[in-house]
Amino acid sequence: MKKYYITTPIYYVNDKPHIGHAYTTIAADIVARWRRLQGDEVFFLTGTDEHGVKICQSAQIKGMTPKQLCDEMSEYFKQAWKLLNISNDGFIRTTDKQHEETVQLIMQKLYDKGLIYKKRYKGLYCVGCEKFIAEKDLDENGCCPDHKKKPVVQSEENYFFKLSIFNEQLIDIIENPANRNHIEVLPETRRNEILGKLRLGLEDISISRVALDWGIPLPFDKTQTVYVWVDALINYISAVGYKGNKERFEKFWPADIHLMAKDILWFHSVIWPALLIGADIPVHKRVYAHGFFTINGDKMSKSIGNVITPDQLVEKFGVDPTRYLAVSLIPFGPDGDISMNELTKKYNVDLANNLGNLVSRTNKMAEKYFDAKVPQISNEDILTKEVAKILNNGYSVSIENMQFHKTAENLQQAITLINQQIEQDAPWKLAKTDTKKLANCIYSYFQATDLIVLHLIPFMPTISEKIWALNGANGNIIEVAKKYFLDKQIPKEGFSSANNKLGIFEILFPRIEIKK
Ligand code: ME8
């Protein structure tokens with residue numbers, strides 16, 4: 001059994017989750033579910049990032065202690081992921097004791113190896129990003145381009161990590177697949193941006209704060225706390241037992257993929273690997289940075305205040321359609337503007353008209369002509385083979401490469417093929433002329449739909465089960481899917497087979513009016 005360790009960023013708890021957070025988390029969930037169907041032993045981690053200036057300030061504004069705010073807000077994240085049926089195996093909070101101890105262990109190790117030193121530093125700090133920002137990177141108003149706020153001047157005596165000495169090594173681990181610490185940075189355009197920046201040279205980074213006591217104390221100088229980003233990155237190893245569970249750590253680390261948006265790719269492809277190499281820990285294998293959902297061209301963020309929440313989408317579309325729509329509307333990689341109207345259009349076309357209509361018409365025909373049972377077959381089922389061909393050609397490659405909109409297109413193509421076949425067969429005419437052929441046709445619609453449903457599981461786990469039951473398929477859907485993906489043969493048992501009773505029909509995707 002192969003292991004597969006996948007992570008989302010751990011999200012700041014200064015406010016409630018929005019669909020930008022949901023986007024990464026749903027994408028990670030789709031991959032995790034897909035890998036489980038491939039037979040992998042998956043560890044899927046998400047969580048919350050709870051230290052730093054930003055959390056402190058939010059707590060102050062709300063009249064709470066930082067810990068109270070973290071306890072309340074991390075629950076909102078947990079609830080959102082429960083609502084969206086996210087199958088995470090771990091949920092880490094950076095205020096967990098185990099994590100805090102791991103951070104101190106790593107800091108001590110880096111210090112003992114001479115990779116940390118003290119120096120006075122003055123710079124511009126963006127609280128939204130929780131990072132120092134160079135003057136040349138500010139926008140025309142002197143603000144952070146992501147958060148549209150002026151950075152604050154910070155001047156302190158801090159501890160620094162010798163990032164600069166890893167410069168050449170970092171270029172090599174990204175460029176050279178033969179390097180034992182090779183990281184694949186994706187998509188390629190962003191990889192090139194990272195390499196370009198690395199070639200300009202690296203400066204050492206400050207990794208502690210004096211004035212901020214809401215953080216993890218440095219083990220070698222308790223008057224300072226660990227910089228929130230260093231604290232946060234270490235979550236990926238503390239969650240799998242770097243300290244305290246050697247067996248689990250060695251099983252799952254290095255992570256197979258860290259998923260995130262482009263805003264934090266630098267931290268994951270430069271700072272994180274340097275910290276790991278410095279602490280003699282193997283480096284994660286892949287990072288993938290997607291773009292931002294934008295609303296009227298602006299990044300959606302808590303700080304800007306143009307937020308859509310997961311609950312709003314679920315209320316309008318339902319859980320599984322929200323999962324499907326979130327990743328299929330725009331390609332995973334570039335930025336993309338979204339709107340309720342575009343989401344509704346896609347819902348109506350892909351789900352109400354194509355998939356919903358297919359399930360509804362096959363069920364109704366079987367009800368009318370075959371007493372709500374799957375009919376008996378006497379000829380070969382060619383349609384299901386055609387559908388298998390379409391899926392084999394497009395599905396796995398696109399899902400492996402995180403091109404979920406292409407995976408969705410591939411699924412729609414397969415669904416359309418069955419709908420077209422129904423039009424061509426005209427079963428309502430066959431019912432009067434050739435009932436044997438009618439039985440064959442309807443049987444093949446069920447089988448071909450079942451096959452599509454196995455591929456829908458990662459996107460729409462609950463609706464897949466519903467269609468499976470409606471179609472009278474009688475095997476455990478997950479077990480049947482695993483078997484199918486292992487040997488790519490439609491199993492003799494488990495699919496809709498002759499004489500199986502259909503489920504009680506319900507409309508899965510009611511059409512939604514588009515607001516003018
Ligand atoms: O950066 N479009 O947390 P964060 C798409 N705590 N994705 C978006 C998005 C948008 N408009 N807005 C947010 C942090 N995201 C750190 C991470 S990890 C060790 C520490 C998603 O709450 C996207 O995944 O600001 C982005 O990278 C992440 O939320 C940032 O979440």
Side-chain angles (χ1 to χ4, degrees), residues 6-29 45-55 58 70 73-74 76-77 80-81 86 91-95 99 102-103 106 126-131 144-148 190 215 226-239 255 257-273 275-276 284 287-310 313 326-327 329-338 402 404:
I6 179 164
T7 68
T8 71
I10 48 171
Y11 305 109
Y12 288 126
V13 287
N14 55 321
D15 215 334
K16 293 181 189 172
H18 58 61
I19 58 160
H21 306 118
Y23 184 50
T24 322
T25 312
I26 291 170
D29 189 58
L45 177 72
T46 186
T48 43
D49 190 353
E50 305 192 355
H51 293 124
V53 186
K54 184 144 82 168
I55 309 301
S58 297
C70 294
M73 288 297 167
S74 66
Y76 282 117
F77 279 88
W81 304 155
I86 301 299
F91 188 100
I92 189 163
R93 299 182 54 186
T94 52
T95 48
H99 171 75
T102 310
V103 171
I106 298 290
C126 170
V127 174
C129 299
E130 288 279 16
K131 69 174 185 195
C144 160
D146 275 347
H147 295 95
K148 316 275 183 230
R190 299 210 202 284
V226 178
Y227 169 41
V228 63
W229 260 105
V230 172
D231 165 355
L233 289 164
I234 292 171
N235 94 85
Y236 299 129
I237 57 170
S238 57
I257 186 160
H258 291 320
L259 276 189
M260 74 215 69
K262 60 183 186 180
D263 53 341
I264 56 176
L265 181 60
W266 179 256
F267 286 101
H268 286 80
S269 47
V270 174
I271 316 276
W272 182 219
L275 290 168
L276 287 167
H284 46 293
V287 289
Y288 200 118
H290 60 74
F292 285 140
F293 273 160
T294 56
I295 311 271
N296 296 327
D298 271 331
K299 180 194 169 193
M300 182 177 44
S301 88
K302 295 172 262 197
S303 324
I304 298 175
N306 54 354
V307 161
I308 301 179
T309 64
L313 289 188
V327 294
L329 193 64
I330 55 169
F332 198 75
D335 290 346
D337 224 40
I338 61 153
M402 314 263 161
F404 307 109

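Whatever order the structure lists them in is the order used to number ligands and atoms, beginning at 1.
- In summary, the aromatic rings of Y236 and H284 are positioned with their centroids too far apart to meet the 6.0 Å limit.
- Looking only at side-chain heavy atoms (C-beta outward), D231 and I234 stay at 4.5 Å or farther from each other.
- Not a single heavy atom of C129 sits closer than 4.0 Å to an atom of ligand 1.
- Residue A261 has at least one nitrogen or oxygen atom sitting less than 3.5 Å from a nitrogen or oxygen atom of ligand 1, judged on distance alone.
- Residues K54 and E130 are not paired through a salt bridge, judged by the lack of any N-O separation under 4.0 Å between the basic side chain and the carboxylate.
- For ligand 1, the polar-atom distance check finds no N/O of Y11 at less than 3.5 Å from any of the ligand's N/O atoms.
- Between F332 and Y288, the two ring planes are tilted [angle within 30° to 60°].
- Of all atoms in ligand 1, numbered sequentially from 1 with element shown, those under 4.0 Å from a heavy atom of G291 are 5 (C).
- A 4.5 Å side-chain heavy-atom check between F293 and I330 finds at least one atom pair inside the cut-off.
- Distances from atom 24 (O) of ligand 1 to the heavy atoms of T94, T24, D263, T48 put T24 nearest.
- The N/O atoms of N235, backbone and side chain alike, include none that comes under 3.5 Å of an N/O atom in ligand 1.
- Residue Y236 holds the heavy atom nearest to atom 19 (C) of ligand 1 of all those in W272, Y236, Y23, F293.
- The distance criterion of under 3.5 Å between nitrogen or oxygen atoms is met by I10 with respect to ligand 1.
- No N or O atom of L233 sits closer than 3.5 Å to an N or O atom of ligand 1.
- With sequence neighbours left out, the salt bridge (Lys or Arg N to Asp or Glu O under 4.0 Å) criterion links K262 to D335.
- For the 3.5 Å distance criterion, the side chains of Y12 and S58 fail to qualify, holding no donor opposite an acceptor.
- Contact annotation for F267 and ligand 1: no heavy atom of the residue comes within less than 4.0 Å of the ligand.
- Listed by number with element, the atoms of ligand 1 under 4.0 angstrom from any heavy atom of A232 are 19 (C).
- For the pair H290 and ligand 1, a heavy-atom separation below 4.0 Å is found.
- With a 4.5 Å cut-off on side-chain heavy atoms, T46 and F77 do not count as touching.
- Classified by interplanar angle (parallel below 30°, tilted 30° to 60°, perpendicular above 60°), the ring pair Y23/H290 is perpendicular.
- Note on ligand 1: H18 sits in its first shell, one or more heavy atoms being nearer than 4.0 Å.
- Any N or O atom pair closer than 3.5 Å counts here, and D49 shares at least one such pair with ligand 1.
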